[in-house]
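What follows is a single structure, written as structure tokens, with notes after it.
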Amino acid sequence: MKAGIIGAGALGSLFAHHFHEQLIDFVIYEKNEDVVKKISTNGLTLINGKSARNFKLSISSSPEILADSDIIFLFVKSYSTAEALQNVSNYLNSSSIIVSLQNGLGNIEEIRKLIPSDRIVYGSTTIGAAKSSPVEVISGGTGVINIGGSENSHVQKVHHLLNSAGMNSYTVEDPDYYLWHKAVINAGINPIASILGITNGEILTNSYASELQERIVMEVVNSAAANSINLNYKEMLKTTRDVCEKTSSNRCSMLQDLQNGRKTEIENINGKIIEYADKKGIELPYNRSLYLLIKSMETIAR
């Protein structure tokens, strides 16, 4: 069973390390030729606490490298999902399984436009990672992976591969529930921390930001319910705040994107939540305000 990875970002690089450590055959497709050149020359270095481990890997900016991969992990930003699949679709094995553990909502709809539903396995992960340079990835600690899909045999293959790579994978009947679960957390942390320019933990120590988080989470839970995803508000607020505490010193990826003049994933987080609510006739004024502020900041940052 050969694995392919699309995107040499933080999670793509972290998964590459796990595959390498467990002698799993894998390759990486990364469209950025400069990143490919640096990784080809220097390898990737995983930084985990005080330890650093460098390893070499097979990486290319040509999608042909994925041609004989059986299971392909999509680790690009949500706004690049459609473009990434269009770039590689003509080179993929007709029986290859596409796996999405991406942030946000709407990714699966984009994937289904090019890949049959029975070949898609998706869900979410609480595993964290960050890139400190094109060739260095910082581990954010352990976490779990919840995956599902319409074809159980494909889900089981991915599940087995992930566990063989030393990761904590679980199969679930309703992966959409886990997408929304993570979307609540992202929506309740990222835009608030990004607009205020603060760490995740500082949301909890600021009474106004904390109240805003409560209102954001409530709206997202309501949007989820209108779309047949039943989440408990009190539990989701507690989970969101637990994440803030556990990652108290982190500057979220959305804030980092803004500070570096990059596009954020706001469209596939609060934006999609608003879109799904609009279709059900539900107004989300707090989410919409944060969405508009982040989009305004994006244009200023660039």
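Counting from 1, the numbers follow the sequence of the chain as shown.
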Measure across [X] and [Y] and return the closest heavy-atom pair with its distance rounded to 0.1 Å.
X	Y	value
D118	H154	O-ND1, 2.7 Å
G149	V155	N-CG2, 3.4 Å
W180	S223	CH2-OG, 3.6 Å
G104	N186	N-ND2, 4.5 Å
L101	I147	CD2-CG2, 3.7 Å
F19	M167	CE2-CE, 4.1 Å

Candidate pair D278 and R288, rule side chain to side chain contact (heavy atoms under 4.5 Å, CB included), full reasoning: CA-CA 11 Å; D278 284 345; R288 192 177 298 276; 2.9 Å; yes
Side-chain ion pair, [X] and [Y], N-O less than 4.0 Å:
X	Y	result
R215	E219	no
K113	E110	yes
D257	K77	yes

Connected via hydrophobic side-chain network under 4.5 Å: [X] and [Y]:
X	Y	result
L105	I115	yes
I71	I108	no
I138	I39	no
V99	Y91	no
L14	L161	yes

Hey, could you give me the [atom1]/[atom2] distance between [X] and [Y], rounded to the nearest 0.5 Å?
X	Y	atom1	atom2	answer
L212	I192	CG	CD1	4.0 Å
I266	I273	CD1	CD1	8.5 Å
S133	K38	OG	NZ	8.0 Å
I145	T171	CD1	OG1	12.5 Å
H20	L57	NE2	CG	8.0 Å
E30	F75	CD	CZ	13.0 Å

Is the number of heavy atoms from other residues, nucleotides or ligands within 6.0 Å of [atom1] ([X]) greater than 12?
X	atom1	answer
K238	NZ	no
K131	NZ	yes
R53	CZ	no

Check whether any side-chain heavy atom of [X] lies under 4.5 Å from a side-chain heavy atom of [Y], and answer yes or no.
X	Y	value
I216	N287	yes
L46	S139	yes
L74	Y122	no
K2	V27	yes
L258	E298	yes
E21	H17	yes

Stepwise side chain to side chain contact (heavy atoms under 4.5 Å, CB included) check, R241 with E245: CA-CA 6 Å; R241 289 184 166 165; E245 288 181 359; 5.5 Å; no
Test side chain to side chain donor-acceptor pair (under 3.5 Å) applied to S100 and N107, step by step: CA-CA 8 Å; S100 171; N107 292 299; 5.0 Å; no
Please determine, by modelled atom types, if [X] and [Y] share a side-chain donor-acceptor pair under 3.5 angstrom.
X	Y	answer
Y291	E267	yes
T199	E202	yes
T81	Q102	yes
N230	Y177	no

Side chain to side chain contact (heavy atoms under 4.5 Å, CB included) evaluation trace for T125 with K182: CA-CA 8 Å; T125 179; K182 190 169 183 180; 4.3 Å; yes
N190/L255 under side chain to side chain contact (heavy atoms under 4.5 Å, CB included): CA gap, chis, key distance, verdict: CA-CA 7 Å; N190 292 7; L255 175 55; over 6 Å; no
H181 and Y178 aromatic ring geometry - parallel, tilted or perpendicular at 30°/60° bounds: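 Tilted.
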Residue of the set I5, L92, N93 for which side chain to side chain contact (heavy atoms under 4.5 Å, CB included) holds with L66: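 Among I5, L92, N93, the one that satisfies the side chain to side chain contact (heavy atoms under 4.5 Å, CB included) with L66 is L92.
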